[in-house]
**Q** 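One structure coming up, written as structure tokens, with questions to follow.
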Amino acid sequence: MIEFLLSSALTYPEIDPILVEIGPVAIRWYSLAYLAGWFLGWAYMLKLIKAKGAPCTKDQVADFAFWAMLGTILGGRLGYVLFYNFSFYLEHPGKIFALWDGGMSFHGGFLGVALGTWYFCNRSKVPFLRFADVVACVAPIGLFLGRIANFINGELFGRLTDSPLGMVFPDGGPLPRHPSQLYEASLEGIGLFLLLSFLYYFTSARQKPGLIAGTFLIGYSVSRTIVENFRQPDSQLNFLWGTDFLTMGQLLSVPMVLVGLYLIFRPGKNKLL
């Protein structure tokens, strides 16, 4: 049986996580994914605000890029520390700042960007929900690139499988596993990007502030919940509360669904806020 699984598994394309290394300085694919996400997101935001009734100017997009970057890094790291490995970092607080060792949380990054967006909009007198709709359209770009970087690093792989899509990951043991990073890149990245772009350009969703942002929250949460059924739970947490199915990623997605539903169906959603 083991021989059959190995013979039917796809070949994992082993790519060095380090693109270039010069002395003590190493440029990693993971870092490049973040940088590419910010730059491509910036460029796409400039394209989005060309539409009639844009909530901000080009200069304001440039200003916001800093807050988005800060919120992603600080929120993502603190989210991982608090949600995924709190006991370890409580004993080793100095490791909190060791970003090069890995450990970022999307949900933490989302909270960081949400707070950064609120601060930016309040300071710049930009309508929060209308601007949040634009940010939501951009977010899948970063999600896609981040999951591709996870795949290159051979991390966050899936559970054991006899599926023809299974791959043997370098750190995942000898048996094939779901390439769950690619599942997430497809759903959270490509799928959400196409859906939100359609809503923005081809429907009246932009006239209902918060609707696109709410769709993003629900779309991400549903995608994450689905893929968590294929992804290997974090070793330090495993499944939650003695179940054999509930993961931290699914639990943290519940509040996002509730907020998303509120944004879509909130009273006065037809007003341009």
Side-chain angles (χ1 to χ4, degrees), residues 1-19 28-34 36-37 76 79-80 83-85 101-110 139-195 218-254 256-257:
M1 182 62 178
I2 293 178
E3 289 78 3
F4 170 76
L5 291 176
L6 291 174
S7 64
S8 63
L10 295 175
T11 301
Y12 172 74
E14 293 190 37
I15 303 174
D16 192 335
I18 299 177
L19 176 62
R28 299 176 179 272
W29 287 105
Y30 197 75
S31 301
L32 288 179
Y34 272 86
Y80 181 79
F83 301 144
Y84 287 92
N85 218 347
D101 288 338
M104 297 287 280
S105 160
F106 164 80
H107 294 91
F110 164 74
I141 296 174
L143 289 170
F144 172 80
L145 292 172
R147 295 311 180 191
I148 294 299
N150 291 148
F151 179 74
I152 291 175
N153 286 348
E155 62 190 4
L156 304 184
F157 43 72
R159 306 177 195 179
L160 295 176
T161 180
D162 58 0
S163 163
L165 296 177
M167 293 183 179
V168 178
F169 288 89
D171 297 324
L175 296 178
R177 294 179 176 273
H178 284 286
S180 54
Q181 314 96 321
L182 300 183
Y183 302 168
E184 290 192 79
S186 300
L187 291 175
E188 303 168 6
I190 298 173
L192 263 184
F193 179 82
L194 294 175
L195 172 61
I218 294 174
Y220 173 84
S221 300
V222 171
S223 299
R224 180 67 180 266
T225 298
I226 292 173
V227 176
E228 286 286 312
N229 290 295
F230 301 94
R231 178 174 162 178
Q232 182 71 21
D234 295 83
S235 58
Q236 71 275 14
L237 290 178
N238 212 327
F239 295 105
L240 302 182
W241 303 334
T243 68
D244 60 356
F245 61 90
L246 182 63
T247 66
M248 180 60 76
Q250 292 172 326
L251 180 64
L252 294 174
S253 294
V254 173
M256 292 183 67
V257 171

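Numbers here simply count residues along the sequence, with the first being 1. Computed from a prediction, not measured in an experiment: that's the story for all the values here. Values below: all heavy atoms of this structure, side chains included; hydrogens, waters and symmetry mates excluded.
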**Q** May I ask you to check whether His107 and Phe83 place their ring centers less than 6.0 Å from one another?
**A**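 Centroid separation for His107 and Phe83: 6.0 Å or greater.
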**Q** If you compare all heavy atoms of Leu145 against all heavy atoms of Gly37, which two are closest, and at what distance to 0.1 Å?
**A**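 Where Leu145 meets Gly37 most closely, the heavy atoms are CD1-N, 3.5 Å.
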**Q** Identify the two heavy atoms, one from Leu251 and one from Leu246, that lie closest to each other, and give their separation to 0.1 Å.
**A**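 Closest approach of Leu251 to Leu246: N-CD1, 4.4 Å.
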**Q** For the atom pair OG (Ser235) and CG (Asn85), what is the distance rounded to the nearest 0.5 Å?
**A**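 CG of Asn85 is found 8.0 Å from OG of Ser235.
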**Q** I need the Leu192 CG to Ile218 CD1 distance, nearest 0.5 Å.
**A**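 It is 11.0 Å, given to the nearest 0.5 Å.
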**Q** Do Glu228 and Pro233 come close enough that some side-chain heavy atom pair is under 4.5 Å?
**A**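 No - every pair of side-chain heavy atoms lies 4.5 Å or more apart.
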**Q** Ignoring hydrogens and angles, tell me if any N or O in the side chain of Arg159 forms a donor-acceptor pair with the backbone of Arg231 under 3.5 Å.
**A**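 Yes; at least one donor-acceptor contact below 3.5 Å.
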**Q** Working to the nearest 0.5 angstrom, can you tell me the gap between Leu143 CG and Phe193 CZ?
**A**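 Between Leu143 CG and Phe193 CZ, I get 12.0 Å after rounding to 0.5 Å.
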**Q** Closest heavy-atom contact between Val168 and Tyr12?
**A**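 Heavy-atom minimum between the residues: O-CB, 3.5 Å.
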**Q** What heavy-atom pair brings Gln250 and Thr225 nearest, and what distance separates the two atoms?
**A**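 Taking Gln250 first and Thr225 second, the nearest heavy atoms are NE2-O, 3.2 Å.
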**Q** Grab the two heavy atoms, one from Arg224 and one from Ser253, that are nearest each other, plus how far apart they are.
**A**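 So the two residues come closest at CG-OG, 3.9 Å.
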**Q** Any chance you could lay out the side-chain contact (heavy atoms from CB on, under 4.5 Å) test for Leu156 and Arg147, step after step, and finish with the verdict?
**A** CA-CA 9 Å; Leu156 304 184; Arg147 295 311 180 191; 3.7 Å; yes
**Q** Sub-3.5 Å donor-acceptor pair from the side chain of Tyr220 to the main-chain atoms of Met256, do we have one?
**A**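 Such a contact is absent between Tyr220 side chain and Met256 backbone.
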**Q** Looking at every heavy atom in both Pro179 and Phe169, which two are closest together, and how far apart are they?
**A**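 Pro179 and Phe169 have their closest heavy atoms at CA-CZ, 3.8 Å.
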**Q** Evaluate Leu252 against Tyr84 for side-chain contact (heavy atoms from CB on, under 4.5 Å), listing each step before the verdict.
**A** CA-CA 11 Å; Leu252 294 174; Tyr84 287 92; 4.0 Å; yes
**Q** What residues, two or more places apart in sequence or in another chain, satisfy side chain to side chain contact (heavy atoms under 4.5 Å, CB included) together with Ile148?
**A**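 Here the qualifying residues are Phe144, Ile152, Leu182, Ala185.
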**Q** Main chain of Asn150, side chain of Asn153: is a donor-acceptor contact present, judged purely on distance under 3.5 Å?
**A**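 No, Asn153 side chain to Asn150 backbone: no donor-acceptor pair under 3.5 Å.
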